[in-house]
Amino acid sequence: MDFLTIFAIYVVVVLSCIVLVCKYSGQQQTPLGRIFSAVIQIISPWIPQWLQQCSRNIVHRLFHQRNRLFLYLHLVLEGAVYAEFSYEVFGYCREMDTTVASLCVPYVFLAVESYFFYQCCSSDPGTVTEENHAAQVHVYNYDRNLYHPGVTCPTCLLVKPARSKHCRVCNRCVQRFDHHCVWVNNCIGAQNSKHFLLYLLLLCAMAGDIAVLTADMLLNAVLRSGLLHAHYIDQHGEQQPAGPLFVIQHLFLTFPRIVFMLGFLVFLFLLLAGYAVFHLYLALVNQTANEWYKARGHGCQHCHPAPGDTCSSGHAQSGGFYNRGILRNVAEIFRPQSHGSKKQR
């Protein structure tokens, strides 16, 4: 089995896993989850107890407690991409007359992205404390669907403000809780949503810009080498024109690190772009990821309309209880409310 076949199988498997995760996210029992549970039940009698306990501790440490592993992994991957870009791609691009201004754009993106990354990691997401609790309770109305008045957080022992949630990883209630992000080792809430959104968009811009510059460099390398008009002798001794597969194999052999970096960046850009579009949509409709996830399992509690009818309470028509229009929704992301009057629909 040649290298290209193995690489193609790898790409198909990874993409299939992503499709399954996206398709079945939010469901309590997924095909992958059921298969994994069945396999664990079968092999667990042969696994030593100390190894099972060690595995549980590692998983708990990685995904149920705050730790910096994924933060450091983010920095390592980012450093590896920029090191390869600076060490090889930059020089090749200069030989092919790419302007210095174009080659400096990724470094500008990196500087700005690093600032927002730091803000995501270090800033308070909007922790609900005894000092600010009285003001936080009056920021949003309770929709009496996902959020109900008088509900007390059993850990913080405070009445939950509307749109807040207790994060089990950070062990705190967060106002307008979106999600806990392991890549920044912090919750995303009312006070740092703007930083997270800009951080996502800049990551997409970085990956896309370096991918375009790298692809342009490889394309110019192919055109200058004359590979598109070249021929080769096959195993039968016959002369064949160099097709796309031959060109790809040549690039893998000539620029292996650059080609792998390009594949990683394209793959990363597609993932980040989808995630960024999702969060842009949530910002435009004034909804959090936590609310979107919960709403998938909640029907309207105000009425039970027949097929073809609409909800008489107005929840369905409003596009979301907290939706105040695109401009005001976006303004709320960049100027979050921490006190004052309740939001009016």
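Computed from a predicted model, the values in this text were never measured in an experiment.
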side-chain hydrogen bond (donor to acceptor under 3.5 Å, both in side chains) evaluation trace for Asn186 with His180 = CA-CA 6 Å; Asn186 199 5; His180 180 88; 5.8 Å; no
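Between Phe321 and Asn141, the closest side-chain pair of non-hydrogen atoms falls below 4.5 Å. Considering only heavy atoms from C-beta on, Cys173 stays 4.5 Å or farther from Leu158 through its side chain. Between Arg163 and Thr288 there is a side-chain heavy-atom pair separated by less than 4.5 Å. Counting only heavy atoms from C-beta outward, the side chains of Val128 and Cys156 never approach each other to under 4.5 Å. Taking the side chain as every heavy atom from C-beta outward, Arg172 and Pro125 approach each other to under 4.5 Å. Arg257 places a side-chain heavy atom less than 4.5 Å from the side chain of Tyr87.
Phe260 and Tyr92 fall within the same hydrophobic cluster, defined by Ile, Leu, Val, Met, Phe, Trp and Tyr side-chain heavy atoms under 4.5 Å apart, directly or through other members. Residue Val108 is not grouped with residue Val212 when hydrophobic side chains (ILVMFWY) are merged at heavy-atom distances under 4.5 angstrom, including chains of intermediate members. When the side chains of ILVMFWY residues are joined at heavy-atom separations under 4.5 Å, either directly or via intervening members, Leu203 and Ile188 end up in a single hydrophobic cluster.
Between Phe70 and Trp183, the angle of the ring planes goes over 60°, which puts this pair in the perpendicular group of the 30/60° scheme. Note on ring orientation: taking the six-membered ring where Trp is involved, the planes of His279 and His179 are tilted (angle from 30° to 60°). Using the six-membered ring where Trp is involved, Phe196 and Tyr199 have ring planes that are tilted, between 30° and 60° apart.
The salt bridge (Lys or Arg N to Asp or Glu O under 4.0 Å) check on Arg176 picks up Glu332, with sequence neighbours excluded.
Aromatic pair Tyr281/Trp292: ring centres not closer than 6.0 Å.
Judged by distance alone, the side chains of Asp143 and His148 never bring a donor and an acceptor atom under 3.5 Å apart. In the model, Gln175 has no side-chain atom that pairs as donor or acceptor with a side-chain atom of Tyr140 under 3.5 Å. For Ser86 and Tyr107, the side-chain atoms include at least one donor-acceptor pair closer than 3.5 Å.
Side chain of Arg68 to main chain of Asn185: no donor-acceptor pair is present (N/O by atom type, distance under 3.5 Å, no hydrogens or angles).
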